[in-house]
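What you see is a predicted model, and the numbers here were worked out from it, not measured in a lab.
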Amino acid sequence: MTEDFLIVGLGLIGGSYARGLRQAGCRVRALDPDGEAIAWALEHGVIDAGATDCNDWIGTAGAVVLGMYPTAMVDWVQAHRGYFRPGQMVCDVAGVKGEFPARIQALLPPETHFIGCHPMAGREVSGVQNSDAAIFRDANFIITPTERNSAADIAFARQLAQTLGFRHIAELSPQAHDEMVGFVSQLTHAIAVSLMNCNGDPQLKEYTGDSFRDLTRIARINEVMWSELFLLNRETLTQEIDAFTGTLTHLRDALARGDRDELQRLFIQSTKRRQEFDRQ
């Protein structure tokens with residue numbers, strides 16, 4: 001794997017990549033339109049060099065990490081496609097794939113290699129100021145190759161994930177990825193947001209225990225990013241919300257009719273399924 005990276009988009013994930021790569025001995029430069037973010041990252045040693053606009057850096061980097069939201073990423077690549085070079089590795093961090101990997105591949109010059117990646121990690125806060133390479137420890141990393149990706153492309157993504165310290169690395173097609181994250185990520189955020197929005201009592205914080213805090217931790221949410229991710233995957237997420245609503249209604253009906261046996265069956269089933277996570 002190259003030891004020279006350019007990160008485009010120095011937010012929470014881009015900044016955490018920068019920290020992890022520098023800790024591994026790599027050279028890291030960054031581009032971001034927010035000059036204050038660049039200045040902060042330079043002052044705190046997150047990156048080796050940074051700028052708000054320096055197109056010459058694109059072609060000279062060993063690899064480019066696109067740390068932007070999906071639609072912004074496509075627009076940026078289209079505007080800068082002429083600066084990439086043949087043989088260069090390019091990857092992303094976007095939480096929705098769909099048609100985006102194929103669109104990016106079509107935009108880039110021939111022999112420039114784009115491989116879709118999704119680091120399944122984050123925090124409830126945003127910005128490079130909150131970046132931390134430790135968020136990748138014990139986290140999952142998903143690679144989303146298309147038919148245009150070679151074994152060498154996938155190997156690059158795997159080595160990147162290993163360098164950053166991810167616990168588990170998986171491969172899914174872009175479509176299978178979106179189906180999976182629609183359930184394990186987007187639905188869970190939708191539930192947390194709904195919990196916080198269904199009761200506006202300002203005194204709740206004085207009475208809640210760990211269960212409510214744990215369930216709603218991710219309700220402290222980046223509204224710009226998550227509204228885009230929800231809308232880009234809205235068909236899948238709508239189906240997952242409907243399935244969850246059906247399951248919750250089933251539990252509610254068992255409760256309403258006083259069906260202790262069915263409630264216990266549901267609790268036993270959920271306990272067994274959750275135990276599988278603890279065996280990893």
Side-chain angles (χ1 to χ4, degrees), residues 1-2 4-11 13-14 17 29-33 51-120 141-161 164 169-182 185-186 224-237:
M1 187 181 71
T2 180
D4 178 44
F5 283 84
L6 174 65
I7 297 176
V8 184
L10 198 62
I13 298 300
Y17 264 51
R29 292 174 288 174
L31 296 177
D32 194 290
T52 56
D53 185 18
C54 187
N55 294 333
D56 292 341
W57 284 1
I58 300 171
T60 61
V64 179
V65 177
L66 302 174
M68 296 168 281
Y69 301 164
T71 51
M73 176 174 63
V74 171
D75 292 341
W76 190 89
V77 171
Q78 188 164 21
H80 298 84
R81 58 193 300 185
Y83 295 97
F84 292 88
R85 72 169 193 277
Q88 194 171 32
M89 289 302 312
V90 183
C91 64
D92 72 328
V93 302
V96 168
K97 300 305 180 188
E99 63 182 13
F100 288 103
R103 289 178 64 184
I104 296 295
Q105 288 171 333
L107 286 171
L108 289 172
E111 305 305 323
T112 299
H113 303 268
F114 174 84
I115 180 80
C117 300
H118 183 187
M120 296 288 289
F141 188 93
I142 304 176
I143 305 169
T144 59
T146 72
E147 66 280 357
R148 291 182 58 175
N149 285 120
S150 65
D153 297 343
I154 297 172
F156 164 82
R158 283 188 168 274
Q159 189 172 2
L160 173 63
L164 291 169
I169 305 169
E171 294 178 32
L172 290 173
S173 69
Q175 179 181 1
H177 166 275
D178 287 0
E179 292 172 355
M180 182 61 68
V181 299
S185 178
Q186 294 176 345
V224 177
M225 179 181 75
W226 281 98
S227 61
E228 176 165 334
L229 295 178
F230 273 30
L231 289 168
L232 289 173
N233 203 29
R234 60 183 176 273
E235 183 176 346
T236 294
L237 180 54

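Going from atom CG of L108 over to atom CD of Q78 covers 11.0 Å, rounded to the nearest 0.5 Å. Between the NZ atom in K97 and the OG1 atom in T146 there is a gap of 12.0 Å [rounded to 0.5 Å]. For the atom pair CD of Q88 and OG1 of T2, the computed distance is 9.0 Å after rounding to the nearest 0.5 Å. Annotation: the span from F100 atom CZ to Y69 atom OH amounts to 14.0 Å, rounded to 0.5 Å. Going from atom CG of L107 over to atom CH2 of W76 covers 12.0 Å, rounded to the nearest 0.5 Å. From S173, atom OG reaches atom CG of D178 across 8.5 Å, with rounding to the nearest 0.5 Å.
Side chains of R29 and T60: a donor on one and an acceptor on the other come within 3.5 Å. A donor-acceptor pair shorter than 3.5 Å can be found between the side chains of N149 and Q105.
More than 12 heavy-atom neighbours from other residues, nucleotides or ligands sit within 6.0 angstrom of CZ on R85. Annotation for M180: atom CE does not count as buried by contact number, only 12 or fewer foreign heavy atoms lying within 6.0 Å. Annotation: Y83, atom OH; neighbour count of heavy atoms from other residues, nucleotides and ligands within 6.0 Å does not exceed 12.
Residues A161 and I169 come closest through the heavy atom pair CB-CD1, 3.7 Å. A pairwise comparison of heavy atoms in P119 and I13 identifies CG-CG2, 4.0 Å as the closest pair. The shortest heavy-atom contact between G95 and V181 is O-CG2, 3.7 Å. The minimum heavy-atom distance between A94 and M73, with the atom names listed, is CB-CE, 4.5 Å. Nearest heavy atom pair, residue P109 against residue R81, reads CG-O, 3.4 Å. Nearest heavy atom pair, residue E179 against residue T236, reads CA-CG2, 3.8 Å.
Here the side chains of I7 and L31 are not in contact, with every heavy-atom distance at 4.5 Å or above. Residues V8 and V65 form no side-chain contact, since every pair of their non-hydrogen atoms from C-beta on lies 4.5 Å or further apart. In this structure the side chain of L66 reaches within 4.5 angstrom of the side chain of V77, judged on heavy atoms. Proximity of V93 to C117: side-chain heavy atoms (C-beta onward) are nowhere separated by under 4.5 Å. Side chains of P145 and D153 form no contact here, defined as non-hydrogen atoms less than 4.5 Å apart. Contact annotation: the side chain of H113 never approaches that of F156 to less than 4.5 Å [non-hydrogen atoms, C-beta and beyond]. Side-chain contact check for H118 versus F141: every heavy-atom pair is 4.5 Å or farther apart.
Applying the side chain to side chain contact (heavy atoms under 4.5 Å, CB included) test between I115 and each of L160, I154, D92 identifies I154 as the sole match.
Between E171 and R158, at least one side-chain nitrogen of the basic residue sits less than 4.0 Å from a carboxylate oxygen of the acidic one, meeting the salt-bridge criterion.
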Evaluate the side-chain contact (heavy atoms from CB on, under 4.5 Å) criterion for residues V64 and M89: first the C-alpha distance (whole Å), next the side-chain angles of each, then the deciding distance (0.1 Å), finally the verdict. CA-CA 6 Å; V64 179; M89 289 302 312; over 6 Å; no
